[in-house]
2 protein chains.
Amino acid sequence: MSSMQLGQDERLPLYQRLRDEIAARIAAGDWLPGGVIPTEAELTKTYGIATGTVRKAVDELVNDGLLQRRQGRGTFVRRPNFDSSFMRFFRQETKNSEGVREVPEGRVLALRSEKPSGDVRDALSLAAGEKVIHMERQRLANGRVLFHEDIWLPESRFSTLMTIELSAFDNLLYPFYEEVCEQRIASAHEELVVDVADEKVAGQLCISAGQPIVVIERLASGYDKTPLEYRISRGSADTFRYQIDIA
Amino acid sequence: MSSMQLGQDERLPLYQRLRDEIAARIAAGDWLPGGVIPTEAELTKTYGIATGTVRKAVDELVNDGLLQRRQGRGTFVRRPNFDSSFMRFFRQETKNSEGVREVPEGRVLALRSEKPSGDVRDALSLAAGEKVIHMERQRLANGRVLFHEDIWLPESRFSTLMTIELSAFDNLLYPFYEEVCEQRIASAHEELVVDVADEKVAGQLCISAGQPIVVIERLASGYDKTPLEYRISRGSADTFRYQIDIA
DNA sequence: GAGTGGTCTAGACCACATG
DNA sequence: ATGTGGTCTAGACCACTCA
């Protein structure tokens, strides 16, 4: 036949069905982060729909941050960069010579397989009895601890991590997950609360107990919305400044 | 002539010029918040451009939150509702019987005309010597103080406020500004930091000195981007929880 | 039933990137 | 020179709202 079928509910608009189809292909790994998807002309032919309709489908995915257009080159599956993460708003005076913000150094302190607590099991939607990998990690800038992280990953998908030496971990974990475990993070949800440091956290952050801290809880998911990583980050509140624009 | 001219730089795409034209008409007060703008068919005729182009211009303004489409009725100038404001994330157990969140009560404590501090003058971009109205205000839920606000307004635009009794102020200030002073807020920028309460703030919030607080700085502007209101809100940190989605 | 926005077509031509 | 996305046209028909 001359045109592929677009699945889904027949009552949905064409552009929504194509949008979901593209998202599904990315989730399935047919089109990988950093790679191109078929050209708009190809999509019109493949599915037998007009250019305007294809553009509207792609527009929506670009708005959602899943795709990225580059004129003259093609449309690419975007690697999320998490520019708006709370974590980026711990003030770090570390800029390189050109004034560009540097990625703070990441240092893995511990890595172990364990039975998840109820909170962790719920967050990652784990089956009963499923184990997790628990990573403890520091983020440092200029040798000073910016924040301390506890990270939990489902062992079923990340078991190869356990074979890695602690010093071999990269500053950026998500590309590392992709390389080592073939698990791709697509999006995340974060919650921020303020707390005061207890003795343990105070020691980790080199501050006094009772000082205010910022606690960031992150659940990161793959392109198919499966929860892949649960993370709690704690940093001293006095280095934190967050901003938004609203309308 | 059969079609109005779209101003601006000839090199810009038509849809961008139309978008800016519509935004300018709203800023100028030709089309008021809550009211309709001309239909898409009218816009195509007025400016002599195709429907798809008009739709793209309107699409962008809808995405920016300036316009709102209602199928079968028309396209309206949106009143900003500030749903994503940090202020909405002070946990308040106040819900009405249907579980809908209620607007916390606002109580104006003081209102005076004064010479602005350097910070306030900078934030509002005031000319030298220009005076401000300083309002102190509490937000309460269930009789408990949620947060305390200091609000500064340029006296030149808001002088009629000084003639109002403190008890006559509404819970929502922005519709009140519109009614009393004909000043319309379109958008805002907010910054959040954590601090600890000093004696004065502790008294205002009924907490102990040294407890962590959340400090929210807001600069609100009109449809023409003029800064209209500068506000600092302080609330106890233990009732605050903020969340975002990132990609 | 008249009028609104929502979806979709089947193109044309332009601007940009790359070999 | 070729192929990509970016802009724009001139409609048609559908879905919804309201008098």
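Just so we're on the same page: letters track the sequence lines, and every chain starts at 1. Atom set for the values below is all heavy atoms of this structure, side chains included, hydrogens, waters and symmetry mates excluded. Worth saying up front: this structure is predicted, and the values here are computed from it rather than measured.
B:Leu32 and B:Val77 get closest at one heavy-atom pair: O-CB, 3.5 Å.
Neither OP1 nor OP2 of D:dA10 sits under 4.0 Å from any side-chain N or O of B:Thr51. Residue A:Arg73 has no polar side-chain atom (N or O) positioned under 4.0 Å from OP1 or OP2 of C:dC16. Residue A:Thr53 has no polar side-chain atom (N or O) positioned under 4.0 Å from OP1 or OP2 of C:dC8. Using a 4.0 Å cut-off, some side-chain N or O of A:Lys56 falls inside it from OP1 or OP2 of C:dT7.
Following rounding to the nearest Å, A:Arg70 (CZ) and C:dT18 (C1') show an atom-to-atom distance of 14 Å. Atom CG of A:Leu43 and atom P of D:dT4 are 11 Å apart (whole Å). Nucleotide D:dC8 holds its C1' atom 13 Å from the CG atom of B:Leu18, rounded to whole Å. For the pair A:Tyr15 OH and C:dG5 P, the interatomic distance rounds to 16 Å; values are reported in whole Å. Rounded to an integer number of Å, the gap from A:Arg69 CZ to D:dG6 C1' is 8 Å. Atom CD in B:Gln16 sits about 14 Å away from atom P in C:dA15, given to the nearest Å. Between B:Ile49 atom CD1 and C:dC13 atom P there is a gap of 20 Å when expressed in whole angstrom units. Put simply, CZ on A:Arg11 is 18 Å from P on D:dC14, counting in whole angstrom units.
Here B:Ala188 pairs with A:Ile246, B:Phe82, B:Arg218, B:Ala220 under the side chain to side chain contact (heavy atoms under 4.5 Å, CB included) rule; sequence neighbours left out.
Distances were taken from every side-chain heavy atom of B:Arg55 (C-beta onward) to each of C:dT9, C:dG6, D:dT7; the shortest belongs to C:dG6. The side chain of B:Glu40 approaches C:dG5 more closely than any other nucleotide in the set C:dG5, C:dT9, D:dT4. Counting only heavy atoms from C-beta on, B:Thr39 has its side chain closest to C:dG5 among C:dT9, C:dG5, C:dC8.
Taking the six-membered ring wherever Trp is involved, the centroid distance between the rings of A:Phe89 and A:Phe86 does not fall below 6.0 Å.
Below 30°, between 30° and 60°, or above 60°: for A:Tyr177 and A:Tyr174 the angle between ring planes is between 30° and 60°, a tilted geometry.
Each of B:Ser233, B:Ser85, B:Ser84 was checked for a side-chain hydrogen bond (donor to acceptor under 3.5 Å, both in side chains) with B:Glu190, and the lone residue meeting it is B:Ser85.
In this model, a side-chain donor or acceptor of A:Gln71 finds a partner on the base of C:dA15 within 3.5 Å.
A residue-by-residue look at A:Gly72 and B:Gly72 shows that B:Gly72 has its nearest nucleotide of DNA chain C further toward the 5' end.
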